[in-house]
Amino acid sequence: MNHDAMQKPEMPMPPAPMPTTPMPAMDHSKMQGMDHPMMGGMGEMMKNTPANPYAEAGMAMHHKMMVVGADASETWVRQMIEHHRGAIAMSKIAVAQANDKEARALAQKDITMQEKDIASLQSWLKRHGHTAQ
C-alpha cells in the first residue's frame with residue numbers, strides 16, 4: 001500500500017462572518033439562463049391557493065429569518081422573532097379562512113402565545129444591549 005498516495009483529511013473551513021442585517025431580496029425574474037416556466041411548478045408552490053393560503057406568508061417568513069446577529073445567541077433570538085411573526089401571519093389567515101371551528105380557535109390561541117414569545121425575545125435583545133426588531 002502506498003501511504004504517500006493517501007490523502008490527508010481536510011480541516012473544515014471556519015464559518016464566514018455574516019452581516020447583521022437581512023439579505024437583500026433577489027429578483028429571480030432577471031436571472032440569466034433560468035427557464036422559469038419549466039422549473040417544475042416551483043413558482044406555483046410559492047403562490048397561495050385555496051388549499052394552501054399560507055404559501056406567501058411562509059416564504060416571507062423564511063426570507064426574513066435570514067437575519068444574522070453578532071453571535072449565535074443574538075442570531076437565534078432574531079430568527080425566532082421572525083419565525084414567530086410568520087406563525088402569527090399564518091394563524092391570522094387560518095382565523096379568517098379555516099373552515100373548522102377548532103382549527104380557528106387553535107390559530108387564535110397560537111397568535112396570543114406567539115405574541116408573548118416575541119415580547120420575551122425583544123426583551124432579551126434590549127437586556128443584552130441590542131436594538132429590538
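The structure presented is a predicted model; accordingly, all values stated were derived computationally and were not measured. Just so you know, residue 1 is the first one in the sequence shown, and it goes up from there. Just so it is clear, the values below take in all heavy atoms, side chains as well, and ignore hydrogens, waters and symmetry mates.
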Q. Hey, what do you get for OG (Ser73) to CG (Leu125), rounding to the nearest 0.5 Å?
A. 10.5 Å
Quiz: residues 88-97 side-chain donor-acceptor pairs under 3.5 angstrom, not counting sequence neighbours:
| residue | atom | partner | partner atom | Å |
| --- | --- | --- | --- | --- |
| Ser91 | OG | Ala87 | O | 2.9 |
| Ser91 | OG | Asp110 | OD2 | 3.0 |

Q. Are any non-hydrogen side-chain atoms of Gln108 and Ile111 less than 4.5 angstrom apart?
A. yes
Q) Which atom pair, heavy atoms only, marks the closest approach of Met46 to Glu56? A) O-CG, 3.5 Å
Q) Atom NE2 of His130 and atom CD of Gln133: how far apart are they, to the nearest 0.5 Å? A) 11.0 Å
Q: Might you point out which heavy atoms bring Val77 and Leu121 nearest each other, and give the distance in Å?
A: CG1-O, 3.6 Å
Q. Hey, what do you get for CD1 (Ile118) to OG (Ser123), rounding to the nearest 0.5 Å?
A. 13.5 Å
Q: Decide, yes or no, whether a salt bridge links Glu82 with Arg78 under the criterion of side-chain N to carboxylate O below 4.0 Å.
A: no
(Q) Apply the hydrophobic cluster definition, ILVMFWY joined by side-chain contacts under 4.5 Å directly or through others, and give me every member besides Met61. (A) Met65
Q | Verdict with reasoning, Gln122 to Ile81, per side-chain contact (heavy atoms from CB on, under 4.5 Å) | A | CA-CA 8 Å; Gln122 295 283 24; Ile81 288 170; 3.8 Å; yes
Q | Expected output: side-chain Thr75 to main-chain Gly69 donor-acceptor under 3.5 Å | A | yes
Q.
I need the full list of ring pair (Phe, Tyr, Trp, His ring centres under 6.0 Å) pairs touching residues 72-110, with sequence neighbours left out, sorted by first then second residue.
A. none
